[in-house]
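Below is one structure, written out as structure tokens; the observations come after it.
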Amino acid sequence: MATDNDFAPAHSTHSTPVVCGPGAAIGAGFGIGVVAAIMGVAAGSELLIPTIVLLFAVDIKTAGSLSLLVSLPIMLVAFASYSRDGRFAVLGANLRFTMTMAAGSIAGAVLGRLLLGVLSELVLIPALAVILLVSAVKLARHD
């Protein structure tokens, strides 16, 4: 019979995760999916890594990889629903910006992949914390 600990993702940083059952994964995924649908996939993605690290006690590098895999179905569903609703019409007016940002994102992903083996969790976790805090402050001040 499977236990909650059998469900734990590989590379857990603790012998006993804080919460590690299929119900917790479904609940976290559901909540992140709702946020992603309401505020955009990027908003949901910002929640994935902290959720995987804190809720399932997975190291940050593995959490980053898992978040990419979890984001893919979210993006596909969002893309399908946004296409059906005609919400992508705004892209035509912002094509240059979108393409420029996409090019930068691809270059950043390549560099990030190279740095993944070099940077330790001692650098990555505080960096993620600062990024999330700055984002939270800027969002709170946004009009």
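For the atom pair CG of Leu48 and CG of Leu68, the computed distance is 9.5 Å after rounding to the nearest 0.5 Å. Rounded to the nearest 0.5 Å, atoms CG (Leu122) and CD1 (Ile125) are 7.5 Å apart.
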Report, one line per pair, each donor and acceptor closer than 3.5 Å where one atom sits in a side chain of residues 92-111; sequence neighbours left out.
from   : atom 1 : to     : atom 2 : distance (Å)
Asn94  : ND2    : Val90  : O      : 3.0
Thr98  : OG1    : Asn94  : O      : 2.8
Thr100 : OG1    : Arg96  : O      : 2.7
Ser105 : OG     : Met101 : O      : 2.9

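There is a path of hydrophobic side-chain contacts, each under 4.5 Å, that joins Leu132 to Val53. Clustering ILVMFWY residues whenever any of their side-chain heavy atoms sit less than 4.5 angstrom apart, transitively, puts Leu115 in the very cluster that holds Ile49. Placement of Leu128 and Val123 within a single hydrophobic cluster is found when ILVMFWY residues are connected by side-chain heavy-atom separations under 4.5 Å, directly or transitively.
Annotation: side chain to side chain contact (heavy atoms under 4.5 Å, CB included) contacts of Leu124 (sequence neighbours excluded): Ile60, Lys61, Leu119.
Using a distance-only test at 3.5 Å, with no hydrogens or angles considered, a donor-acceptor pair links the side chain of Ser71 to the main chain of Ser67.
Pairing each heavy atom of Ile52 with each of Ala63, the nearest pair is CG2-CB, 3.6 Å. Between Ala28 and Thr51, the shortest heavy-atom contact is CB-CG2, 3.8 Å.
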